[in-house]
Amino acid sequence: MKIAILVEGATEMAFKAKLQEFLKSRLGQQMPKLKLISCEGRIHKEAKLRRVVENLLTGRDAYDAVIALTDVYTGTKDFKDAADAKAKMKQWVGDNPKFYPHAASHDFEAWLLPFWSKIQQISGGNRAVPSGFPELVNHNNPPSYRIKEIFEQGKRRSYDKARDAKRILDGENLMDAAVVCPELKAFLNTILSLCGGELIP
């Protein structure tokens, strides 16, 4: 099984090793060949997304499935919520059974909030953990901004996704985030399902 995952910018560097480690622990010999493809900024839109997906599924080195993982918060007003982001990507790509749209609500950093004590440790900041379920934290102040704030409070330098998210996830169990982040769980379950693995309940 070969799976391509389209991701935004630095998400590839931040997430790839932890994702592979998690899947390997659950899939063993059924582990797919995964390729995270950075879209250099936000996920492609409309005809460009369709073209990229079709090329990945039909090219010389074709993939069995393509997953697109976007943030809901992209700096634009394209998506209202995760359901809207997934519906729009599906509409842009068209009726393709090998395409699986997913969204991090409100951004990838929501999936880091369950590891707040680690964020405090790395940043040197002491802000309290944002209240509520991680994927519901926003109020015009998405999770990436909250993490940026605690880094600037503690280290006096800004949060860098590629460097710091990787450090936050290092040594942590992705399952701890999946149980409180339904969109992360859905994303992981799509991969597990494609590979015949046991789904996260």
Side-chain angles (χ1 to χ4, degrees), residues 1-8 10-38 43 53 56 63-73 79 81-90 93 96-119 129-138 142-144 146-147 161 165-201:
M1 173 66 66
K2 288 173 60 185
I3 303 172
I5 305 175
L6 299 171
V7 294
E8 299 182 338
T11 300
E12 178 201 358
M13 291 167 68
F15 196 40
K16 185 177 182 179
K18 182 53 63 177
L19 176 62
Q20 287 181 316
E21 176 191 300
F22 174 82
L23 293 172
K24 196 158 189 145
S25 73
R26 293 185 71 93
L27 291 171
Q29 296 302 312
Q30 298 162 277
M31 182 70 182
K33 285 189 177 171
L34 273 190
K35 179 159 188 185
L36 271 71
I37 300 167
S38 171
I43 286 282
V53 169
L56 287 167
Y63 288 86
D64 299 300
V66 176
I67 297 170
L69 177 61
T70 185
D71 288 352
V72 169
Y73 177 78
F79 308 130
D81 54 27
D84 182 50
K86 290 184 279 189
K88 280 195 173 130
M89 288 191 292
K90 196 147 189 78
V93 169
N96 192 322
K98 294 182 174 182
F99 174 67
Y100 301 86
H102 282 279
S105 183
H106 288 271
D107 54 30
F108 167 78
E109 280 73 13
W111 300 348
L112 302 179
L113 296 185
F115 311 114
W116 192 257
S117 60
K118 182 81 166 283
I119 292 168
V129 61
S131 61
F133 286 103
E135 291 181 334
L136 298 180
V137 170
N138 192 26
S144 56
R146 313 286 179 111
I147 293 175
K161 183 190 283 195
K166 196 166 184 284
R167 289 178 66 208
I168 292 163
L169 289 170
D170 189 41
E172 303 296 337
N173 188 342
L174 217 45
M175 184 65 94
D176 294 339
V179 295
V180 290
C181 297
E183 295 299 337
L184 173 59
K185 182 165 84 171
F187 167 73
L188 295 172
N189 274 343
T190 289
I191 302 172
L192 293 171
S193 172
L194 284 167
C195 300
E198 185 183 343
L199 301 189
I200 303 165

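Going from atom CG of Leu136 over to atom CG of Asp81 covers 11.0 Å, rounded to the nearest 0.5 Å. Separation of atoms CG (Leu188) and CG (Leu174) is listed at 5.5 Å; rounding is to 0.5 Å.
Across all their heavy atoms, Leu113 and Val129 have their closest contact at O-CG2, 4.4 Å. Of all heavy-atom pairs between Glu8 and Thr70, the closest is OE2-OG1, 2.8 Å. Of all heavy-atom pairs between Tyr100 and Pro97, the closest is OH-O, 3.3 Å. The two residues Ala178 and Ile200 come nearest to each other via the heavy atoms CB-CD1, 4.2 Å. Nearest heavy-atom pair across Lys98 and Asp64 is CD-O, 3.5 Å. Ala110 and Cys181 get closest at one heavy-atom pair: O-SG, 4.1 Å.
Residues meeting the ring-ring contact (aromatic ring centres under 6.0 Å, His included) test with Phe108, sequence neighbours left out: Phe15. Legend: residues meeting ring-ring contact (aromatic ring centres under 6.0 Å, His included) with Phe187, ordered by chain and number and at least two apart, are His102.
Within 6.0 Å of the NZ atom in Lys118, the count of heavy atoms belonging to other residues, nucleotides or ligands exceeds 12. No more than 12 heavy-atom neighbours from other residues, nucleotides or ligands sit within 6.0 angstrom of NZ on Lys166.
In this structure, Gln30 contributes its side chain and Cys195 its backbone to a donor-acceptor pair below 3.5 Å. With hydrogens and angles disregarded, no donor-acceptor distance shorter than 3.5 Å links the side chain of Asn189 to the backbone of Leu199. A donor-acceptor pair under 3.5 Å is formed between the side chain of Lys18 and the backbone N or O of Glu172.
Salt-bridge annotation for Lys185 and Glu135: absent, with no side-chain N of the basic residue lying under 4.0 Å from a carboxylate O of the acidic one. The residues Glu21 and Lys24 are annotated as not salt-bridged, no charged nitrogen and carboxylate oxygen being separated by less than 4.0 angstrom.
For the side chain to side chain contact (heavy atoms under 4.5 Å, CB included) criterion with Ile5, the lone passing option out of Ile37, Thr190, Leu19 is Leu19.
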